[in-house]
*Asks:* 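I have a structure here, written as structure tokens, and I will follow up with some questions on it.
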2 protein chains.
Amino acid sequence: MDTDDELRIDAPHRELLDQILDKWSLSVLNELCERPCRFNELRRAIPQVTQKSLTATLRRLERNGVVERKVASTRPVAVVYRITPLGKTLRHPVDVLLAWASQNMPAIERAREDFDEREEEAHL
Amino acid sequence: MDTDDELRIDAPHRELLDQILDKWSLSVLNELCERPCRFNELRRAIPQVTQKSLTATLRRLERNGVVERKVASTRPVAVVYRITPLGKTLRHPVDVLLAWASQNMPAIERAREDFDEREEEAHL
DNA sequence: CAGTATCCGTCTTGATACTG
DNA sequence: CAGTATCAAGACGGATACTG
């Protein structure tokens with residue numbers, strides 16, 4: 001029985017979402033949606049990320065075609081990252097998700113408190 | 001300058017998305033959107049998940065208020081998991097995301113191949 | 001049935017140092 | 001400036017065994 005409407009999760013979907021919705025990707029995408037950035041600009045914009053993780057994130061996003069990396073052969077080299085057309089199409093789904101998160105954050109925090117309280121009671 | 005429209009990612013948002021979009025959550029949500037399930041029903045429905053991970057996923061979802069856990073004190077105990085009203089509202093954003101993934105999967109796979117090819121060339 | 005407990009290997013992360 | 005390389009620490013996932 002697979003008369004299910006949409007919510008089908010298979011391996012490729014999962015992998016894709018893992019690569020694009022990971023810890024730093026959304027922040028990077030956010031920055032690059034506003035303007036193209038240099039590597040160190042991004043670091044300053046997202047101070048918590050280490051250069052290692054930022055490099056990894058950018059590579060992943062580049063590989064998946066949502067970010068473009070351009071090297072100018074000046075001295076010293078200048079590297080510019082910018083969002084691709086494909087990357088821009090990501091903005092809508094992500095916004096929908098973030099809108100959901102914002103709207104329901106209060107309800108979720110209440111749920112968490114309730115849960116944690118019940119937990120405590122149970123462990124007396 | 002923070003005249004940015006929406007894509008703001010702060011720690012609470014990130015944490016929330018991590019909890020709800022993690023490896024098994026979407027599959028579980030998928031099942032529970034169709035019908036309430038027993039623990040072992042879920043295991044059969046998602047054969048790749050171990051009971052440890054399934055337990056952890058269900059606890060997390062329960063804590064965030066998207067899944068409800070009900071224990072019937074029969075012998076042996078019967079535990080039923082069902083989606084909450086809050087959980088149902090998650091379906092739309094997730095569907096939007098999955099629709100994006102389905103639509104753009106071909107483009108993404110092309111991007112990956114191109115990237116990997118360029119990588120190889122570079123390493124000759 | 002619906003878990004918990006434990007061990008163990010992997011995968012990720014961060015810190016630090018170095019390079020063209 | 002924009003990375004790469006390396007190593008250690010910790011989180012995570014899977015396999016197995018056990019319990020009310």
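Lettering of chains follows the sequences in order, A, B, ..., and the numbering in each one begins at 1. Bear in mind the structure is a predicted one, so any value in this text is a computation, not a measurement.
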*Asks:* Touch check for B:R43, heavy atoms < 4.0 angstrom, all strands: base, sugar-phosphate only, or nothing?
*Replies:*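 Nothing, no heavy atom under 4.0 Å.
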*Asks:* Apply the side chain to side chain contact (heavy atoms under 4.5 Å, CB included) test between B:L90 and each candidate in B:I20, B:T84, B:D95; give the one that qualifies.
*Replies:* B:I20
*Asks:* Apply side-chain contact (heavy atoms from CB on, under 4.5 Å) to A:L58 and A:R69, showing your working.
*Replies:* CA-CA 9 Å; A:L58 287 167; A:R69 177 175 184 270; over 6 Å; no
*Asks:* Identify, between A:Q51 and A:R75, the residue whose nearest nucleotide on DNA chain C lies closer to the 5' end.
*Replies:* A:Q51
*Asks:* Kindly give the heavy-atom pair with the smallest separation between A:A111 and B:N64, and that separation in Å.
*Replies:*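 Looking at all heavy atoms of both residues, the closest pair is CB-C, 3.9 Å.
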*Asks:* Answer yes when B:R112 and B:D116 have at least one side-chain N-carboxylate O distance shorter than 4.0 Å, and no when they do not.
*Replies:* no
*Asks:* Both A:K23 and B:V80 contact DNA chain C. Which one's nearest nucleotide lies toward the 5' end?
*Replies:* B:V80
*Asks:* Given side-chain contact (heavy atoms from CB on, under 4.5 Å), test A:V94 with A:L29 step by step and report yes or no.
*Replies:* CA-CA 10 Å; A:V94 168; A:L29 254 7; 5.9 Å; no
*Asks:* Partner lookup for D:dC7, please. Criteria are Watson-Crick or G-U wobble with both distances under 3.5 angstrom; report none if nothing qualifies.
*Replies:*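 Per the H-bond distance test, C:dG14.
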*Asks:* Looking at A:R14 and A:D18, does any basic side-chain N land under 4.0 Å from a carboxylate oxygen?
*Replies:* yes
*Asks:* Return the pairing partner of D:dG20 with a 3.5 Å limit on both distances, Watson-Crick or G-U wobble; otherwise return none.
*Replies:*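 Across any shown strand, D:dG20 pairs with C:dC1.
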*Asks:* Toward the 5' end of DNA chain D, which comes first, B:V49 or A:A78, by nearest nucleotide?
*Replies:* A:A78
*Asks:* In whole Å, what is the span from the NZ atom of B:K52 to the P atom of D:dC12?
*Replies:* 10 Å
*Asks:* For chain B and DNA chain C, what are the first and last nucleotides along the strand, 5' to 3', with at least one atom under 4.0 angstrom from a heavy atom of the protein chain?
*Replies:*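 Range of nucleotides touched by chain B: C:dC1 to C:dC7.
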